[in-house]
Amino acid sequence: MRPTDSTPAPRPADDPRSAGSAGSARAGSARAGSASRPGPGSGSDGAALAPAPAPRAGGPEARGIDLVPDEERGGRPRDLFAVWAAPNVSYLSFVVGAALVLMGLTLPQALGVVLVGNLVWICTGVVAAAGPVAGTSGSVVSRALYGVRGNRAVVVVTGWLIAAAYLALNWSAASVAGIGLVARLGLPASPAVDAAVVCVIAAGTLLIAIFGYGLIVRLYTGLSVALTAVFAVVTGYVLAAADLSYAPAEPLRGAALAAALGAGFTLVASAPLSYTNSPDLARYLPRDSSPAAVAGWTTLGAYLPSVVFTAVGALAATGLDMTDPEAALEGVLPGWFVPVFVVAVVVNTMTNNGMTAYSAGLSVQSVGVRLARIPAVLVIGVLGTAMTLYAILVFDFLTAVSTVLQLVVVVTGPVMAVAMTDLVLRRNRYSGPELLAQRRGGPFWYRGGVHWAGFLALAAGALTAGLWVRTTFWTGPIAAATGGVDLSAPAGMTVAAAVYWAATGALGTIPRP
């Protein structure tokens, strides 16, 4: 998505698509870093810093959360397909699909959950449409939802802690496979060797995040093809070992079936719900890019590989012992292909976590921490690496997967719902300069820097999701009363969206058209 000769000229200041969300400020095509606009890492005083250069071929991306000028934009929405496909050709999808069958679902039931649960990628796509309009990161766009000051608390949880948890989860999956490969090569099993594998995988991931957007766009197209080829071979061997007539020894019925279906949906939906940062990878597109195209290509790029390879994981569990996914899959592969598969797992993890670490670094800046983007990425990387070492050396991997993915939905579901509702209410009209300015009295200052409608909606949604969630760590009272039925994702999202819609109308913080 490098700038091209066809990059559109800056829009005039009276273009309606450049209007601030409160209708009072004109965005124009002002550059971040001008005398009246903040640059990357600007604090709450809105002090301006020099604008960072655009991503260049072969070098780390210096740009942080500052506004992407029109003349530095380029590419087409369809380029987003490969950006989202590469990280979702995933070993973790195998693990999640297998977990559905291990819960006691039949193969048709598991495949139904895969198809329906992955539809939540539509939410990720819709939120991505804010990127070209705002020209800045999703963690800055969310200032419109929670206020200049209130947004900091939300981003610390969603952009730092949950991002670090996902880094750890994916690194754990790759490290399990990598540790197995190291053992095949004859190195002795020891905590030191395990830790070294984790650190090597983490370092490779952070390099992708440091080089940033330019590398991601150029690299992921080729990687999506290569990873798909490797995982297609694995799929062939899995299908040969699958039992298409598989039926659980004791088929689930009634409340037990409802509980398994609910938990499975939450497990599958947890991945797309974690990507409220999707504007980050669309912000370099031309400002007049079709929102429908941005949403569609983002959704399709993530949905197709997620469905295919989660379904393959479910098929694998019908004929293999997927309580140990790495051993089960390697057991059906020819010996010469196992190292290829392990390398693919590691590379896929790097592509997935590279995007996560990239956005997490932007999140560090968006809360006012005066760090350049690259040091911010390293801070998040260290936190994620520490959590990975704990998961690998202390905690059971499959238990970690299930617990983390189901628990984070309590927060990520309502956050995604508020983001989508805000985008609809504003008709995707976000002023990047006003969002970055953080000025008192601006359209995103609200009351004391906090948009209470956003916090009320988020709290109500998270409380509702917490009442419905069911994990090995915590079961909400409503889930317990209904026999363990987990409806945390749809319940939390519905309540958060409804409360935000009502509260913004009552407070008049988003003028209705």
Side-chain angles (χ1 to χ4, degrees), residues 58 60 79-97 163 166-185 194 196-238 271 275 281 301-302 304-306 308-310 312-313 325-326 329-330 333-360 377 381 384-385 388 391-392 397 401:
D79 297 332
L80 293 170
F81 180 88
V83 169
W84 287 94
N88 286 291
V89 180
S90 174
Y91 169 71
L92 195 59
S93 294
F94 286 156
V95 175
V96 170
Y166 267 96
L167 287 174
L169 193 61
N170 284 295
W171 278 337
S172 297
S175 298
V176 168
I179 289 167
L181 179 60
V182 166
R184 284 174 175 265
L185 296 176
D194 294 353
V197 170
V198 171
C199 291
V200 168
I201 294 172
T205 301
L206 295 179
L207 279 177
I208 294 176
I210 287 170
F211 278 79
Y213 177 86
L215 177 63
I216 289 173
V217 171
R218 291 192 304 275
L219 182 64
Y220 279 29
T221 299
L223 285 180
S224 63
V225 174
L227 290 170
T228 298
V230 173
F231 280 68
V233 173
V234 176
T235 298
Y237 284 99
V238 167
Y275 281 108
L281 297 165
L304 290 180
S306 295
V308 170
F309 295 110
T310 308
V312 171
E326 184 247 346
L329 293 173
E330 291 184 6
L333 298 175
W336 65 268
F337 191 75
V338 169
V340 177
F341 170 62
V342 173
V343 170
V345 169
V346 172
V347 170
N348 162 255
T349 299
M350 290 180 178
T351 62
N352 196 325
N353 275 0
M355 289 170 56
T356 301
Y358 175 75
S359 291
V377 166
T385 302
T388 306
I392 289 293
F397 174 64
V401 169

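Residue L167 holds its CG atom at 5.5 Å from OG1 of T356, rounded to the nearest 0.5 Å. Note that the OG1 atom of T205 and the CG atom of N352 stand 9.0 Å from one another [nearest 0.5 Å]. Distance OH/Y220 to CG/L215: 7.5 Å, rounded to 0.5 Å. D79 CG to L281 CG: the interatomic distance, rounded to the nearest 0.5 Å, is 12.0 Å.
A 4.5 Å side-chain heavy-atom check between T385 and W171 finds at least one atom pair inside the cut-off. Using a 4.5 Å cut-off on side-chain heavy atoms (C-beta onward), E330 and V342 make contact. W84 places a side-chain heavy atom less than 4.5 Å from the side chain of Y275. Side-chain contact check for F337 versus V234: some heavy-atom pair is nearer than 4.5 Å. Inter-residue side-chain proximity for S224 and F81 is flagged as unmet; no heavy-atom pair is nearer than 4.5 Å. The shortest distance between side-chain heavy atoms of F231 and V312 does not fall below 4.5 Å. Contact check for P305 versus T228: no side-chain heavy atoms found under the 4.5 Å cut-off.
Checked by atom type and distance alone, the side chain of Y91 never pairs as donor or acceptor with a backbone atom of N348 at under 3.5 Å.
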_Check against side-chain contact (heavy atoms from CB on, under 4.5 Å), V233 and F341_ = CA-CA 9 Å; V233 173; F341 170 62; over 6 Å; no
_What verdict does the side-chain contact (heavy atoms from CB on, under 4.5 Å) test give for F309 and N88, after you've listed the backbone C-alpha separation in whole Å, the side-chain angles of each residue and the deciding distance to 0.1 Å?_
CA-CA 9 Å; F309 295 110; N88 286 291; over 6 Å; no
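Minimum interatomic distance between A86 and L227 (heavy atoms only, all atoms of both residues): O-CD1, 3.7 Å. Of all heavy-atom pairs spanning L206 and A357, the tightest one is CD2-CB, 4.1 Å. The two atoms that bring V198 and S175 nearest to each other are CG2-OG, 3.4 Å, heavy atoms only. Contact detail for P87 and M355: the closest heavy-atom pair is CG-SD, 3.4 Å. Between G354 and I208 the shortest heavy-atom distance is CA-CG2, 4.1 Å. Here the closest non-hydrogen pair linking A360 and A163 is CB-CB, 4.0 Å.
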